[in-house]
Amino acid sequence: MKKITLSILLLAAVAGAIAQTANEVVDKFIEASGGKDKLNGINTLHYNQVIKVKMAMGDFDLPLEFFKEKNKFYRMQASMQFGPQSFDMFTLVTDTAGYNMVPANPFTGAEGGIQKMQQKELTSQAYQLDAAGMFAALVDFAGKGHKAELLKDEKVNKEDCYKLKLTMNSGQEVIYFINKSTGLIARADTKGAMAASMSGLGSMMGGMGGSRGMDKMEVTTLYNEYKEVDGIKFPVKLTIQTQMGNSESLLSNIEVNKEIAAKWYKPQ
């Protein structure tokens with residue numbers, strides 16, 4: 001009996017010694033992604049994304065373009081093509097204000113135009129000003145006022161992953177699945193406004209009739225392939241899963257610390 005008890009205590013001690021903390025898991029991710037110095041050294045970031053949307057009305061490509069300047073500026077430019085008609089739109093966030101450009105919708109009769117964000121929406125989009133890579137909020141998360149909590153491990157694509165809940169200073173949450181072998185993000189689960197903005201699908205929903213339903217939106221994003229740019233790893237092949245179905249997405253033209261044209265900083 002004593003031997004059994006001793007064995008149980010020994011196993012518990014070993015398990016405790018190898019158990020990971022949230023900080024250790026995030027540190028592993030940061031190191032795998034290029035290191036804290038590299039990530040914090042990103043001043044400007046630009047990339048293109050094409051989401052291959054599958055819908056009942058037909059499949060189409062949703063081209064997006066993203067621009068960031070650290071703590072100053074974020075812009076997501078989008079366009080949709082329905083038959084001969086093109087719809088252009090954007091989201092612009094600065095350190096003082098935010099704007100959405102919603103095109104006129106001939107299907108619903110909704111008027112388009114540039115709309116200034118209310119404070120609540122601006123607060124929910126403020127995390128976009130963080131330029132430290134594709135998962136910037138995880139870098140120095142505590143110093144930014146975010147909180148991280150480890151949940152029960154899960155598998156993604158049959159590979160063991162840490163499951164980490166990040167609660168941002170705005171109250172929004174992201175569930176990250178970090179591959180135990182590579183240290184890279186394998187999956188992220190989001191809800192509401194964050195799901196809409198992080199996936200890029202919010203622009204499509206806005207262009208098709210407003211933001212109705214975005215608060216109930218749930219998105220699971222799978223990151224299937226990484227590419228190194230200037231010593232930093234970026235996911236370039238994504239699968240976006242929503243209540244509407246699954247869409248494949250590709251990132252390209254990733255540029256780090258390149259000058260951004262002045263026109264993108266303006267709400268026009």
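Starting from 1, each residue takes its place in the sequence as its number.
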Do [X] and [Y] belong to the same hydrophobic cluster, where Ile, Leu, Val, Met, Phe, Trp and Tyr are linked whenever their side-chain heavy atoms lie under 4.5 Å apart, directly or via other members?
{"X": "Val50", "Y": "Phe67", "result": "no"}
{"X": "Tyr176", "Y": "Leu222", "result": "no"}
{"X": "Ile114", "Y": "Trp264", "result": "yes"}

State, without any angle test, whether [X] and [Y] hold a side-chain donor-acceptor pair at a distance under 3.5 Å.
{"X": "Thr44", "Y": "Glu69", "value": "no"}
{"X": "Thr239", "Y": "Asn224", "value": "yes"}
{"X": "Asp95", "Y": "Asn71", "value": "no"}
{"X": "Ser252", "Y": "Asn48", "value": "no"}

Cationic N near anionic O, under 4.0 Å, [X] to [Y]:
{"X": "Asp230", "Y": "Lys38", "result": "no"}
{"X": "Lys165", "Y": "Glu149", "result": "yes"}
{"X": "Asp160", "Y": "Lys155", "result": "yes"}

Check against side chain to side chain donor-acceptor pair (under 3.5 Å), Asn100 and Glu121: CA-CA 10 Å; Asn100 288 309; Glu121 184 179 5; 2.7 Å; yes
Parallel, tilted or perpendicular, as decided by the 30° and 60° cut-offs, for the rings of Phe135 and Tyr226: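 Taking Phe135 first and then Tyr226, their aromatic rings sit tilted (interplane angle of 30° to 60°).
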Neighbour count above 12 (heavy atom, 6.0 Å) for Gln243 CD: yes
Trace of the ring pair (Phe, Tyr, Trp, His ring centres under 6.0 Å) decision for Phe234 with Tyr223: CA-CA 10 Å; Phe234 293 89; Tyr223 302 95; over 10 Å; no
Verdict with supporting geometry, Lys70 and Ile42, side-chain contact (heavy atoms from CB on, under 4.5 Å): CA-CA 7 Å; Lys70 187 176 183 177; Ile42 300 175; over 6 Å; no
